[in-house]
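Below: one structure, written as structure tokens.
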Protein chains: 2
Amino acid sequence: MPARPTPASAITRPTIYDVARRAGVSKSLVSLVLRGEPHVSDARRQAVLEAIEELGYRPSRAASALASQQTRSVGVLIDDFHNPWFVELLAGLRSVLDPAGYSASVADLQLEAASGRNPVDGFLAQHVDALVIAAEPDPGLLQGVRVPVVVAGVRELGPAVLPGADVVAGDDERGGELATAHLLDLGHRNVGHLTGRGGPAAHRRRGYEKAMAAAGLEPLVVGAGGGTSEQDGYSGALELLDCRPPVTAIIAANDVMAVGALAALRERGLRAPADVAVVGYDNSPLAAYHYLALTSVDPRSREIGAEAARTLLARLQNPDAPRRHALIEPTLVTRPSTAGTRRRQLHEP
Amino acid sequence: MPARPTPASAITRPTIYDVARRAGVSKSLVSLVLRGEPHVSDARRQAVLEAIEELGYRPSRAASALASQQTRSVGVLIDDFHNPWFVELLAGLRSVLDPAGYSASVADLQLEAASGRNPVDGFLAQHVDALVIAAEPDPGLLQGVRVPVVVAGVRELGPAVLPGADVVAGDDERGGELATAHLLDLGHRNVGHLTGRGGPAAHRRRGYEKAMAAAGLEPLVVGAGGGTSEQDGYSGALELLDCRPPVTAIIAANDVMAVGALAALRERGLRAPADVAVVGYDNSPLAAYHYLALTSVDPRSREIGAEAARTLLARLQNPDAPRRHALIEPTLVTRPSTAGTRRRQLHEP
DNA sequence: CTGAAAGCGCTAACAC
DNA sequence: GTGTTAGCGCTTTCAG
């Protein structure tokens, strides 16, 4: 039977076979060179490399995946592309995955949900070798997943929904403590906290409460069960400012809420840090803007990503290794929003 | 020769063959059902669907791509994940691509460059059926690409680097005019502009200059050749504020620069809009924060994405159709940063 | 160290 | 309408 004619629209790309002929070697040898096997003579390796170059050859991932039963790709499930913390996470992941020859395929849970599809199914159809979950998805989504899973950044998900998954997360509780300790050090006593739904917010809140209790102070929390947007931070902060005695410092569950708090202060004719100090969480680009200059807890997302990738690689290597549960230590980045002590000037150097 | 043993780590997923056996039909029939062909009896179709359900069968994209020579996927090249304008673009793209059965694979130019790889090569190895370029990549990257390309959002790239590519972009020049006209309407005469490198900034600037000229006013531009970050906006605005006569309004090439301008105002003891009105571009989430409340030009990125996807589908259908070059009309979103006229109060409703 | 040969799971002719 | 069959481009034994 004659070969099927290639579709008119198909671009006939050179195959491993063309490379082999051009280099005067066999197909297998080309495959060996591509995979970086050491047992190939330099002369032939050179010939193959040149042929690849001359032909503009690019290996077909589809063919290689089909033959080897692995794609050397991992699916990364992000919560929401709007929330830029994932960018650093991704950079960290790739810094480890790339050298190991793995590629990352990214999906946004919000976007997928909006299209009514299951992002995990998509990854599975793609035959990803493993999954990184950097979100808090509906538990059902992960049901029946048979590839290794690493939960990155979100501490909650681990033991509950995914008994087998490794977890690499920021120590949000520690971060909450850090922020609170900083304010207490500055002499603040009436420190309020803006929280919201979700695992990370809950841990941050716990850290705050722990540090307050340790100092013998009464915690003052607002926003539990609500959202974590700028609007939520704004209305929560208004609530906090109406408390008596008035708060002299506010810790927000994230930077965006902290920006909302700044708006609330302004609306009340107050300034940060002169009247009320403000601390955010995430150390996002927002926090560094001159106009905002927020002291913020840095969860070190890049580290989390890199560690998650290392964990993944180890798991791929040894599926039966004991589960890992790593917590990355956050750091505090101080900026003018908490500069000096109370009643100091706004525009610090 | 005996079948090669499946690797220990491989998860043996059901194949089309298993489904066929289970449903009591042939493999081809299963394939037909999957592709939604109409010429299949309802009884058999039902049987196949049930078998698929029972087995938890998921078609292998690798196999299907290899056999059909098309992946029904498109590569989307974003400039920088930190800049969230791509989120809306992507949502627009997917709103059209999803129903058509295409999936989108996203890469970030910055991140790829950092790993020293060529994102376009990655897409090509993945055998994407088409490319959406939402960035201004090094011209060399696109050399020798043989799949259809649509340039989305960036007007410059089109004719110059990619003679064959369709272009769907925001009308940045119009946006610049819109912003300027708004300020002129408000009675401003000394309107300064913060610009920077890149095609979009250049068009926005041109719109500004055109509108100023039409009103018989002298344009005042700062930052040409520089960056477009918050820091650049900050230092540029400082420069603008030192001009004589002093500006009463500033148009920034994007929202982030506008935030930098706000910081510069504050540092000079000025306020927006009471002393100086400020306009951004992109209508990003930033602009909507209470604390910033920036009037901003909305490029309607979601529309751009949807239109780009439509263009792509049309091109895939008919490779020889004439090139399209669509410009999406931007809108202006007014907020307190330009509220009222000059010398009015800050906190508008 | 190299070459031959057998599929990976699926699609798309073609014959039944 | 339905079954048969020959590959898609690559990896991977296994024999030279």
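Predicted model only: the values in this text are computed from it and were never measured. Below, chains carry the letters A, B, ... as their sequence lines are ordered, and counting in each starts from 1.
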Practice item. Starting from the first five and the last five pairs of the helix from C/dC1-D/dG16 to C/dC16-D/dG1, work out the angle between the resulting helix axes, to 10 degrees. Key: 30°
Find the distance [X]:[atom1] to [N]:[atom2] and express it as a whole number of Å.
| X | N | atom1 | atom2 | answer |
| --- | --- | --- | --- | --- |
| A/Y17 | C/dG3 | OH | P | 12 Å |
| A/I16 | C/dT2 | CD1 | C1' | 14 Å |
| A/L66 | C/dG7 | CG | C1' | 9 Å |
| B/Q126 | D/dG9 | CD | P | 18 Å |
| B/R45 | D/dT2 | CZ | P | 10 Å |
| A/R61 | D/dT11 | CZ | P | 12 Å |
| A/L29 | D/dC10 | CG | P | 15 Å |
| B/R72 | C/dC10 | CZ | C1' | 15 Å |

Review point. Does a side chain donor of either A/Q110 or A/D79 reach within less than 3.5 Å of an acceptor in the other side chain?
Key: yes
Exercise for review: Return yes if a side-chain donor-acceptor contact under 3.5 Å exists between B/S105 and B/Q126, otherwise no.
Suggested key: yes
Practice item. Sequence neighbours left out, what passes side-chain hydrogen bond (donor to acceptor under 3.5 Å, both in side chains) with A/E54? Give chain and number order. Key: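 Partners of A/E54 under the side-chain hydrogen bond (donor to acceptor under 3.5 Å, both in side chains) test: A/R22.
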Practice item. Under the salt bridge (Lys or Arg N to Asp or Glu O under 4.0 Å) rule, collect the residues that match up with A/R72, sequence neighbours excluded. Key: none
Review point. What residues, two or more places apart in sequence or in another chain, satisfy salt bridge (Lys or Arg N to Asp or Glu O under 4.0 Å) together with A/D166?
Key: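 Only A/R315 meet the salt bridge (Lys or Arg N to Asp or Glu O under 4.0 Å) criterion with A/D166.
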Exercise for review: Return the nearest nucleotide to the side chain of B/S68; candidates are D/dT11, C/dC10, C/dT11.
Suggested key: C/dT11
Practice item. Would you mind telling me which residue lines up with the more 5' stretch of DNA chain D, A/A63 or A/Q70, judged by nearest nucleotide? Key: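 Closer to the 5' end of DNA chain D: A/A63.
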Between [N] and [X], is there an OP1 or OP2 to side-chain N/O distance shorter than 4.0 Å?
| X | N | value |
| --- | --- | --- |
| A/S31 | D/dT11 | yes |
| A/Q69 | D/dC10 | no |
| A/Y57 | D/dC10 | yes |

Exercise for review: Please list, chain by chain and in numerical order, all residues satisfying side-chain contact (heavy atoms from CB on, under 4.5 Å) with A/R300, sequence neighbours excluded.
Suggested key: A/D298, A/E303, A/I328, A/E329, A/T331
Point to revise | With sequence neighbours excluded, residues passing side-chain contact (heavy atoms from CB on, under 4.5 Å) with A/V87 | key: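 A/V87 satisfies side-chain contact (heavy atoms from CB on, under 4.5 Å) with A/P84, B/F81, B/H82 only.
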